[in-house]
Amino acid sequence: MEKINNVTEFVFWGLSQNLEVEEVCSVVFSFFYLVILLGNLLIMLTVYMGNLFKSPMYFFLSFLSFVDICYSSVTAPKMIVDLLAKSKTISYEGCMLQVFGVHFFGCTEIFILTVMAYDRYVAICKPLHYMTIMSRDRCNKLLLGTWLGGFIHSIVQVALVVQLPFCGPNEIDHYFCDVHPVLKLACTDTYVVGVVVTANSGTIALGSFVILLISYIVILVSLRKQSTEGRRKALSTCGSHIAVVIIFFGPCTFMYMRPDTTFSEDKMVAVFYTIITPMLNPLIYTMRNAEVKNVMKKLWSRKVFWEANDK
């Protein structure tokens with residue numbers, strides 16, 4: 001069958017059809033996006049300026065912050081502008097790029113969280129061999145693997161969508177382009193494509209979540225052999241990781257580990273993992289991590305000292 005594509009742009013329904021609600025949302029989400037940028041940039045600067053890159057945990061944490069900024073930037077700026085616009089449109093090419101960006105950075109974040117769990121497992125369960133196992137070369141390879149895995153996943157998702165014909169209508173009941181809402185607009189049977197999309201996303205989400213659960217269960221069991229102080233520090237670090245995993249994987253599981261269907265709750269769930277989670281990540285990691293807080297205090301004290309001398 002020859003591909004027919006009469007659609008050059010898509011129209012978003014947005015978060016709400018109530019103008020007053022959209023105006024309030026634009027202010028709230030602008031603040032959230034600012035917190036995402038400043039919070040994650042602060043972690044990246046702290047890791048760099050505090051020379052924490054030598055530690056694999058902070059090495060991966062800084063890249064998690066970078067991915068969070070990129071991930072939210074794929075959808076948040078466009079959503080904030082659209083909340084104040086009468087016509088919420090996006091070109092066909094822009095829509096496909098948004099699908100790619102959401103799945104690329106989202107999948108990369110899943111893999112980075114998995115690698116961070118592996119890092120904590122090695123640090124707690126095999127402390128004597130930690131620096132050998134988590135060498136800089138190994139860390140670089142693991143990081144490259146997360147980016148490569150995210151790229152392959154997103155390319156598959158986009159390839160499945162771009163080969164579909166779109167001949168109208170072109171209205172998407174969402175605030176950004178995602179696979180399931182876009183599939184509903186294709187003027188052909190998308191059952192097989194939907195199954196493949198769900199299998200692709202579901203395998204990654206479920207597989208990573210199971211690995212994370214197993215790793216943290218093993219870690220928690222092994223903590224019984226640790227000293228009281230060692231157990232406290234390990235629980236503090238792992239507690240922040242587990243909190244991030246639950247906050248991120250809960251909404252993702254709801255969205256992608258199900259048949260090719262859409263629900264009215266999808267938009268609010270999507271807000272949670274595209275905006276709320278990237279905003280909470282830096283807060284969770286800094287509030288639960290004494291070393292990061294100490295480095296921030298030292299850097300801030302040094303900045304204040306320099307400013308006082310300049311005067």
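All values reported here derive from a predicted model rather than from experimental measurement.
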Give, for atom CZ of F29 and atom CD1 of I80, the distance between the pair rounded to the nearest 0.5 Å. 8.5 Å
CG of L41 to CG of D68: how many Å apart, nearest 0.5 Å? 11.5 Å
With the 4.5 Å side-chain cut-off for hydrophobic clustering, are I211 and L148 part of the same group? no
Can you name the closest pair of heavy atoms from V99 and C177 and give their distance? CG2-O, 3.6 Å
Close side-chain approach of L15 to V271, heavy-atom, < 4.5 Å: yes
What pair of heavy atoms forms the shortest contact from Q163 to A159, and how long is it? CG-O, 3.1 Å
What side-chain donor-acceptor pairs closer than 3.5 Å can you find for residues 102-117, not counting sequence neighbours?
residue : atom : partner : partner atom : Å
H103    : ND1  : H153    : NE2          : 3.1
H103    : NE2  : D178    : OD1          : 3.0
T108    : OG1  : F104    : O            : 2.6
E109    : OE2  : N281    : ND2          : 3.4
T114    : OG1  : I110    : O            : 2.9

Checking side chain to side chain contact (heavy atoms under 4.5 Å, CB included) for the pair T146/F60: CA distance, chi angles, key distance, verdict? CA-CA 11 Å; T146 64; F60 292 120; over 6 Å; no
Would you find more than 12 non-hydrogen atoms of other residues, nucleotides or ligands less than 6.0 Å from F151 atom CZ? no
Test side chain to side chain contact (heavy atoms under 4.5 Å, CB included) applied to T89 - qualifying residues, sequence neighbours left out: E9, V11, S87
How far apart are the C-alpha atoms of F100 and V161, what are their side-chain angles, what is the distance that settles it, and do they pass the side chain to side chain contact (heavy atoms under 4.5 Å, CB included) test? CA-CA 10 Å; F100 175 84; V161 176; over 6 Å; no
Within a reach of under 6.0 Å around OH of Y121, are more than 12 heavy atoms found that belong to other residues, nucleotides or ligands? no
Would you indicate whether the side-chain heavy atoms of W147 and V67 approach each other to under 4.5 Å? yes
Quick one: do E23 and L84 satisfy side chain to side chain contact (heavy atoms under 4.5 Å, CB included)? Show the steps, please. CA-CA 6 Å; E23 289 175 351; L84 299 175; 4.3 Å; yes
Which heavy-atom pair separates K88 from D82 by the least distance, and what is that distance? CE-O, 3.1 Å
Side-chain contact, heavy-atom cut-off 4.5 Å: V210 with L206? yes
Can you name the nearest heavy-atom pair linking G194 to L183, along with the distance? CA-CD1, 4.1 Å
So, do V182 and H174 sit near enough that their side-chain heavy atoms are less than 4.5 Å apart? no
Closest non-hydrogen atom pair, Y118 against M134: CE2-SD, 3.7 Å
Residues V197 and H180: closest non-hydrogen pair is CG1-CE1, 4.2 Å
Hey, is the main chain of N200 close enough, under 3.5 Å, to the side chain of T203 for a donor-acceptor pair? no
As an exercise, state the distance from CD1 of I43 to CG of L61, rounded to the nearest 0.5 Å. 5.0 Å
Taking the side chain as everything from C-beta on, heavy atoms only, tell me whether L160 gets closer than 4.5 Å to Q157. yes
Sidechain-backbone polar pair: S72 side chain, I69 backbone, donor-acceptor under 3.5 Å: yes
If hydrophobic clusters are built by linking Ile, Leu, Val, Met, Phe, Trp and Tyr wherever their side-chain heavy atoms come under 4.5 Å apart, do V27 and V24 end up in the same one? no
Rounded to the nearest 0.5 Å, how far apart are SG of C25 and CZ of F32? 9.5 Å
N/O donor-acceptor pair under 3.5 Å between S215 side chain and L212 backbone: yes
Does L83 share a hydrophobic cluster with L34, counting links as ILVMFWY side-chain heavy atoms below 4.5 Å and allowing steps through other members? no
If we ignore hydrogens and angles and just use 3.5 Å, is the side chain of Y48 paired with the main-chain N or O of S62 as donor and acceptor? no
Same cluster for Y33 and V21 if Ile/Leu/Val/Met/Phe/Trp/Tyr side chains link at under 4.5 Å? no
Look up atom CD in E22 and atom OH in Y175, then write down how far apart they are to the nearest 0.5 Å. 13.5 Å
Strictly distance-based, threshold 3.5 Å: is any side-chain N or O of N40 a donor or acceptor partner for the main-chain N or O of P278? yes
Is there a side-chain contact between Y92 and V162, using heavy atoms and a 4.5 Å cut-off? yes
Backbone N/O of R138 and side chain of S135: donor-acceptor pair under 3.5 Å: yes
Residues passing the ring-ring contact (aromatic ring centres under 6.0 Å, His included) test with F12, sequence neighbours excluded, are none
Drop me the distance from L142's CG to D119's CG, to the nearest 0.5 angstrom. 9.0 Å
Compare all side-chain heavy atoms of M79 with those of T274 and state whether any distance is below 4.5 angstrom. no
Please examine the side chains of V74 and F176, heavy atoms only from C-beta on, and report whether any two atoms are closer than 4.5 Å. no
F59 ring center near F63 ring center (under 6.0 Å): yes
Mind checking whether V122 and L213 sit in one hydrophobic cluster, side chains of I, L, V, M, F, W, Y counted as touching below 4.5 Å? yes
